[in-house]
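For reference, the structure discussed in these notes is given below.
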Amino acid sequence: MSEQVIENNAGQTGAGTQASGAAEPIAALTQEIAQLKEQRDAVILAHYYVPPEVQATADYVGDSFALAKLAVDLPQQTIVLCGVEFMGESAKLLNPNKTVLLPEPAADCPMAHMISKPDIDRVRAEYGDDLAVVCYVNSTAEAKTWSDVCVTSSNAVKICSNLPQRNILFIPDMNLGRYVASQLPDKHVILNKGYCPRHVTISVEQIIDLEEAHPDAVVMAHPECPADVLAEADYIGSTKGMIEHAAASDAQEFIVCTVVGIIRELELRTQGTGKRFHFPATTPRCENMDLVTLPKLAACLRNPAPYEVHVGDSLAPAARLTLERMLEYAAK
Ligand code: 13P
Ligand code: SF4
């Protein structure tokens, strides 16, 4: 493996407030959402990190890649994306003629903003044609336009390994980029200093403490975790990958290094097996995913206009191409 880290000028943004209250009873909201969904020819997609009652209302729950891929094939005219902004944008880019709604338009992923154009231009100038700019899907539509191909945590290694270029500038996540580099010794991966503020709070000391308390547990980690946490992991993969690994494993106990919202699907998929899941003490919550509540889901279906995702014509064609390339390369 060979890797290098670039300095970057990009800032951090993202919502930092807690989810607003659910004054209306869940059963009444769920019923109303089901009726509105029919009336509007809508389908509800949710990420594993949103609150459990929102996942329970969704037609499909998945990781970033599954949600992007699904969005292309669904017959409904309206897609409601229960997740953060880049997920809504990806669904809109892949379905320009459909209505895509985000129940909480302010739910953003801070990492999506941790890259700037001059950082990319500098590396392109240095490496010329033997460079691919690989963009983690957790990125703005604009950052996608600066890139050659998108990836998610479930396909990053595969797609990077199939790229003809030896040099890869991986944006914006340094930890996923470093993990890709560790799996592809023939590539030279140039890293950018972006990170997930949630996953970087997980420390190797916490994992070692958990291993001492649960010596038979399998350690599963999302590749957004720091390198020393990944070094401690028995399995590294996307949210969906971890769920499938836990369901298929003979082990009874798991230490789970990712956002705690994943617990709903882990428990559903391992029901009746007695499998147990332990999270780090600073159990990471994604406060942006937490903003997506049932009352907001109902509100966006009652009155869709303010919740509609729009990607400007100046960005959409180039950003769409990077996502379409991801779908194409992932299918190879
Ligand atoms: P997945 O693609 O594994 O669902 O991860 C998305 C994400 O935002 C992780 O923090
Ligand atoms: Fe972004 Fe991290 Fe939340 Fe995933 S968990 S959406 S990377 S802030």
Side-chain angles (χ1 to χ4, degrees), residues 10 12-19 45-51 54-55 58 60-71 81-91 102 104 106-115 135-140 143 150-159 171-177 179-180 192 194-202 220-226 229-230 233 235-246 256-266 279-280 282-292 323 326-327 330:
Q12 300 170 38
T13 62
T17 52
Q18 272 302 312
L45 310 188
H47 190 268
Y48 295 121
Y49 291 166
V50 297
V54 176
Q55 293 187 47
Y60 301 94
V61 186
D63 70 359
S64 306
F65 183 59
L67 297 179
K69 207 160 56 137
L70 247 176
L81 211 309
C82 298
V84 291
E85 187 178 25
F86 75 82
M87 296 176 173
E89 282 183 348
S90 297
L102 270 175
E104 174 48 82
D108 197 359
C109 170
M111 177 167 46
H113 303 270
M114 294 184 190
I115 180 70
C135 188
Y136 190 24
V137 73
N138 297 39
S139 51
T140 60
C150 272
V151 297
T152 73
S153 55
S154 71
N155 58 32
V157 173
K158 178 181 177 185
I159 291 177
I171 61 166
D173 187 20
M174 177 152 70
N175 289 310
L176 177 58
Y179 172 65
V180 168
N192 165 71
Y195 59 92
C196 164
R198 306 283 79 79
H199 285 84
V200 297
T201 66
I202 302 175
M220 304 193 297
H222 196 280
E224 288 175 14
C225 292
V229 171
L230 296 185
Y235 175 81
I236 298 168
S238 74
T239 48
K240 180 167 184 272
M242 286 186 272
I243 290 160
E244 287 176 352
H245 186 76
V256 188
C257 308
T258 196
V259 170
V260 73
I262 196 176
I263 190 67
R264 177 180 182 272
E265 190 73 16
L266 280 171
F279 286 79
T282 52
T283 298
R285 303 191 65 87
C286 176
E287 58 206 9
N288 284 280
M289 293 280 193
D290 279 348
L291 293 173
V292 185
L323 286 166
M326 171 179 78
L327 297 179

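Numbers for residues simply follow the sequence, beginning at 1. As the structure lists them, so they are numbered: ligands from 1, and atoms in each ligand from 1.
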Distance in Å, [X] [atom1] paired with [Y] [atom2], rounded so as to fall on 0.5 Å steps:
X	Y	atom1	atom2	result
Glu104	Asp290	CD	CG	11.5 Å
Met289	Cys109	CE	SG	7.5 Å
Leu70	Leu45	CG	CG	6.0 Å

Would you find a donor on one side and an acceptor on the other, under 3.5 Å apart, between the side chain of [X] and the backbone of [Y]?
X	Y	value
Ser90	Phe86	yes
Gln55	Val50	yes
Asp173	Asn175	yes
Lys240	Ser154	no
Asn192	Pro172	yes
Asn288	Asp108	yes

Ignoring hydrogens, just give me the one of [options] whose non-hydrogen atom is nearest [atom].
atom	options	result
atom 6 (S) of ligand 2	Pro172, Cys196, Cys109	Cys109
atom 8 (S) of ligand 2	Ser64, Pro110, Gly83, Gly194	Pro110
atom 1 (P) of ligand 1	Asn155, Asp173, Thr239, Val151	Thr239

>> Can you classify the ring geometry of His245 versus Tyr235 as parallel (below 30°), tilted (30 to 60°) or perpendicular (above 60°)?
In response: parallel
Which atoms of ligand 1 sit under 4.0 Å from any heavy atom of [X]?
X	result
His47	1 (P), 4 (O), 5 (O), 6 (C)
Ser238	3 (O)
His199	10 (O)
Ser153	1 (P), 2 (O), 3 (O)
Asn138	7 (C), 8 (O)

Taking only heavy atoms of [X] into account, list the atoms of ligand 2 that are under 4.0 Å away from them.
X	value
Asn138	4 (Fe), 7 (S)
Met111	7 (S)
Glu224	2 (Fe), 7 (S)

> Val259 near ligand 2, heavy-atom distance under 4.0 Å?
Replying inline: yes
Could you tell me whether [X] approaches ligand 1 through its side chain, its backbone, both or neither, with non-hydrogen atoms closer than 4.0 Å?
X	answer
Thr152	neither
His222	side chain
Phe65	neither

> Tell me: protein heavy atom nearest atom 9 (C) of ligand 1, and distance?
Replying inline: Glu224 OE2, 3.1 Å
> Nearest protein heavy-atom contact for atom 3 (Fe) of ligand 2: which residue, which atom, what distance?
Replying inline: Cys286 SG, 2.4 Å
>> So, regarding Ser64 and ligand 1 (criterion: nitrogen or oxygen to nitrogen or oxygen, under 3.5 Å), is there a contact or not?
In response: yes
>> Any salt bridge linking Glu224 with Arg198? Criterion: basic side-chain nitrogen under 4.0 Å from a carboxylate oxygen.
In response: no
> Would Tyr48 count as a contact of ligand 1 if the rule is a heavy atom under 4.0 Å away?
Replying inline: no
> Going by atom types only, do Tyr48 and Thr258 share a side-chain donor-acceptor pair under 3.5 Å?
Replying inline: no
